[in-house]
Amino acid sequence: MAKEITNREENYSQWYNDIVKKADLAENSAVRGCMVIKPYGFAIWENMKAVLDQAFKDTGHQNAYFPLLVPKSLFEAEEKNAEGFAKECAVVTHYRLQTDPDNEGKLRVDPNAKLEEELIIRPTSEAIIWNTYKNWIQSYRDLPLLINQWANVMRWEMRTRPFLRTAEFLWQEGHTAHSTKEEAIQEAELIHELYARFAEDYMAMPVIKGYKTESERFAGADNTLTIEALMQDGKALQAGTSHFLGQNFAKAFDVKFLTSENKEEHVWATSWGVSTRLVGGLIMTHSDDEGLVLPPRLAPIQVVIIPIPKPSDEIMEVADKVAADLKALGVRVKIDRDMKKRPGFKFAEYEMKGVPVRIGIGKRDLEKGMVEIARRDTKEKASIALTDCVSHVHGLMTTIQDNLLARAKKHRADHTSTVDTFDEFKKAIAEKGGFVYAHWDGTEETEDKIREETKASIRCIPVDTVDEDGICVYSGKPSKRRVLFAKAY
RNA sequence: CGGGGCGUGGCGCAGUCCGGUUAGCGCACCUGUUUUGGGAACAGGGGGCCGCAGGUUCGAAUCCUGCCGCCCCGACCA
């Protein structure tokens with residue numbers, strides 16, 4: 001069973017790659033660092049997208065779309081932002097190819113088609129968007145401006161991994177403008193909370209909410225709020241960020257508005273995003289050595305019905321009826337009618353693909369008025385009376401969703417330490433892994449030293465922990481609050 | 001950008017050192033039959049400019065030169 005999936009213990013990152021491949025989520029493409037998201041993987045992203053999109057709309061945001069290419073002069077306008085992303089930008093320099101005179105059948109870049117100004121393939125869209133907002137905002141009556149875009153972006157990363165870090169990735173990026181600082185901060189916090197709830201309620205992936213230290217902050221932001229999840233291998237995954245941008249972009253792009261008192265002021269801004277990286281987080285939170293495990297709320301197929309041959313009209317009738325009744329309850333259900341594949345093959349296949357519930361309907365069970373119901377999360381199999389099947393399975397959707405969240409929370413609790421000395425710190429990081437709460441003196445110097453010596457970085461300064469006097473585990477200087485450390489993806 | 005490795009049917013590989021029948025194996029694929037309650041068996045079949053370009057040779061997947069591409073390990077990152 002579970003042929004060809006590497007055990008997590010043996011090689012976690014190979015296991016991850018195997019899951020991506022065996023569950024048919026994505027594959028490498030002909031383009032360096034860029035993956036092809038296959039239909040099943042894309043369906044998971046589409047489900048995430050649908051929920052988030054609705055949540056953004058419910059909180060007053062509208063979707064729009066801005067260009068892929070950003071003129072270099074706009075890109076460099078906000079200096080910190082430009083600097084932060086400069087090293088990983090793909091740049092368009094020419095607009096035409098021609099047949100190569102020295103190399104028949106080949107094309108070359110037409111040297112006469114050089115662009116006057118280079119175009120940057122967006123690594124994020126603040127620049128082009130703020131240049132546009134300048135024309136949209138004149139008065140306090142134009143505010144707040146609450147825009148989201150679903151888009152692809154490109155960051156020329158040195159090393160890539162499917163979903164977790166690809167050169168091109170899909171995401172949503174919200175860009176809002178406000179008349180006051182307080183309102184912008186509230187917006188950033190609203191989205192931060194929205195992301196955290198999405199992660200827990202839909203992905204069943206518990207997260208720590210907090211804000212980033214200055215060195216980990218988004219380039220061009222005054223504050224970066226983050227949600228941090230703990231993966232099964234004890235490493236942290238930054239799963240979503242929401243930035244308070246202050247007036248940095250408003251000043252860089254000269255976006256001003258008139259207040260009701262007829263005073264000219266720069267607007268206040270936020271930006272926020274989650275990406276296809278969430279799919280990677282989903283995989284690494286729940287899956288096991290048999291394959292993918294998906295929470296029902298995001299699973300493209302929530303229930304698969306496998307008629308167990310010999311094929312018979314009676315079995316198919318029962319399957320159709322069960323499927324129809326489940327659909328009526330809003331359950332995403334598939335009947336596998338492929339009679340060429342044997343049941344054993346299908347069992348393994350749907351386990352690999354993480355389908356939460358499998359219903360086996362065969363002659364032997366049916367004679368007793370029973371069906372077989374298998375849960376992907378616990379791998380339990382049960383014989384259930386056909387008459388109870390639909391309500392039982394419907395109930396399992398919630399049961400499994402809750403169980404996955406509880407399991408992930410337990411894993412996180414088991415891999416979270418609170419330490420007071422650097423020895424304890426190093427031991428916790430090296431032996432146990434996971435999250436470590438420790439006092440920090442607030443300096444970048446200490447942060448860097450700890451990262452160098454332990455590979456662990458400050459994931460965030462959590463918002464939910466209480467103030468508590470202590471001394472920095474590294475420097476011994478006073479500290480008012482523990483921060484969250486971990487090795488990160 | 002440094003260090004290591006690899007390019008051979010769709011995928012994974014053998015063959016390369018030491019040149020020589022028709023380039024082979026597993027998986028996948030197609031057809032047929034028997035099967036079908038945990039990854040079916042048998043029979044038959046299709047598919048290769050051996051990464052690209054030169055060179056050496058009677059003869060090159062194999063030797064030589066150049067180029068291209070990819071993967072892994074480090075510095076960068078959602």
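First the proteins, then the strands, lettered A, B, ... as listed; each starts at 1.
- At a cut-off of 3.5 angstrom, the base of B:rG38 holds at least one donor-acceptor pair with the side chain of A:Glu351.
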Dot-bracket for RNA chain B, 5' to 3', counting Watson-Crick or G-U wobble pairs under 3.5 Å, with [ ] for crossing pairs and | for inter-strand pairs? ((((((((.[[[[.)....(...]]]].((((((.....)))))).....[[[[[..)....]]]]])))))))....
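- Taking atom C1' in both B:rU62 and B:rG20, one finds a spacing of 11 Å when rounded to whole Å.
- The interatomic distance linking A:Lys21 (NZ) with B:rC71 (C1') rounds to 13 Å, in whole Å.
- Mapped onto RNA chain B by nearest heavy atom, A:Glu216 and A:Ser13 fall at different nucleotides, with A:Ser13 at the one closer to the 5' end.
- If A:Ala374 and A:Phe169 are placed on RNA chain B by their nearest nucleotide, the residue sitting closer to the 5' end is A:Ala374.
- Rounded to whole Å, the separation between the P atoms of B:rG69 and B:rU31 comes to 40 Å.
- Rounded to whole Å, the distance from NZ on A:Lys341 to C1' on B:rC29 is 13 Å.
- Contacts of A:Leu164 with the nucleic acid, taken as non-hydrogen atoms under 4.0 Å apart, include base atoms.
- For the residue pair A:Asn248 / A:Glu78, no side-chain donor-acceptor distance below 3.5 Å is found, with atom types taken as modelled.
- Ring-plane geometry between A:Tyr195 and A:Trp272 is classed as perpendicular, the angle between the planes exceeding 60 degrees on a 0 to 90 degree scale with a lower cut at 30.
- Note: CG (A:Asp18) to C1' (B:rG39) measures 16 Å, nearest angstrom.
- One can place CG of A:Asp365 at 8 Å from C1' of B:rG37, the figure rounded to the nearest angstrom.
- Nucleotides B:rG10 and B:rC30, compared at atom P, are 16 Å apart to the nearest Å.
- Heavy atoms of A:Thr166 sit under 4.0 angstrom from at least one base atom.
- Across the P atoms, B:rA23 and B:rC50 are found 11 Å apart, a figure rounded to whole Å.
- Between the side chain of A:Glu290 and the main chain of A:Glu351, no donor-acceptor pair closer than 3.5 Å is present.
- Nucleic acid contact for A:Gln238: sugar-phosphate only, since backbone atoms but no base atoms lie under 4.0 Å from a heavy atom of the residue.
- Side chain of A:Lys334 to main chain of A:Pro300: no donor-acceptor pair is present (N/O by atom type, distance under 3.5 Å, no hydrogens or angles).
- A donor-acceptor pair under 3.5 Å links the side-chain atoms of A:Thr224 to the main chain of A:Phe218, judged by distance alone.
- Look at A:Arg342 and you won't find any side-chain N or O under 4.0 angstrom from OP1 or OP2 of B:rU35.
- Side chain to side chain, A:Arg459 and A:Ser457 meet the donor-acceptor criterion of an N or O pair below 3.5 Å.
- Taking the C1' atom of each, B:rC67 and B:rC29 are spaced 35 Å apart, rounded to whole Å.
- Rounded to a whole angstrom, the distance from the C1' atom of B:rG46 to that of B:rG39 is 25 Å.
- Of the candidates B:rC76, B:rA40, B:rG37, B:rC76 carries the atom nearest the A:Glu88 side chain, counting heavy atoms from C-beta on.
- A donor-acceptor contact closer than 3.5 angstrom links the side chains of A:Thr124 and A:Glu126.
- Following rounding to the nearest Å, A:Asp448 (CG) and B:rC76 (P) show an atom-to-atom distance of 11 Å.
- Note on A:Lys212: nothing from the nucleic acid sits closer than 4.0 angstrom, heavy atoms only.
- Using C1' as the reference atom, B:rG26 and B:rU65 are 36 Å apart when rounded to the nearest Å.
- A distance of 6.0 Å or more separates the ring centres of A:Trp440 and A:Phe425.
- Whole-Å rounding puts the A:Phe347 CZ to B:rG39 C1' distance at 11 Å.
- When the P atom of B:rC72 is taken as reference, atom OH of A:Tyr16 falls 13 Å away, rounded to whole Å.
- For B:rA61 and B:rA53, the C1' atoms lie 16 Å apart once the distance is rounded to whole Å.
- Evaluation of atom-type donor-acceptor distances gives no pair under 3.5 Å for the side chain of A:Lys346 against the base of B:rG37.
- Between the side chains of A:Asp233 and A:Tyr16, not a single donor N or O lies within less than 3.5 Å of an accepting N or O.
- B:rG39 atom P lies 16 Å from atom CG of A:Asp338, rounded to whole Å.
- Taking the side chain of A:Ala348 as heavy atoms from C-beta on, and the options B:rC76, B:rU36, B:rG38, the nearest nucleotide is B:rG38.
- Across all strands, A:Arg358 comes closer than 4.0 Å to base atoms (heavy-atom distances).
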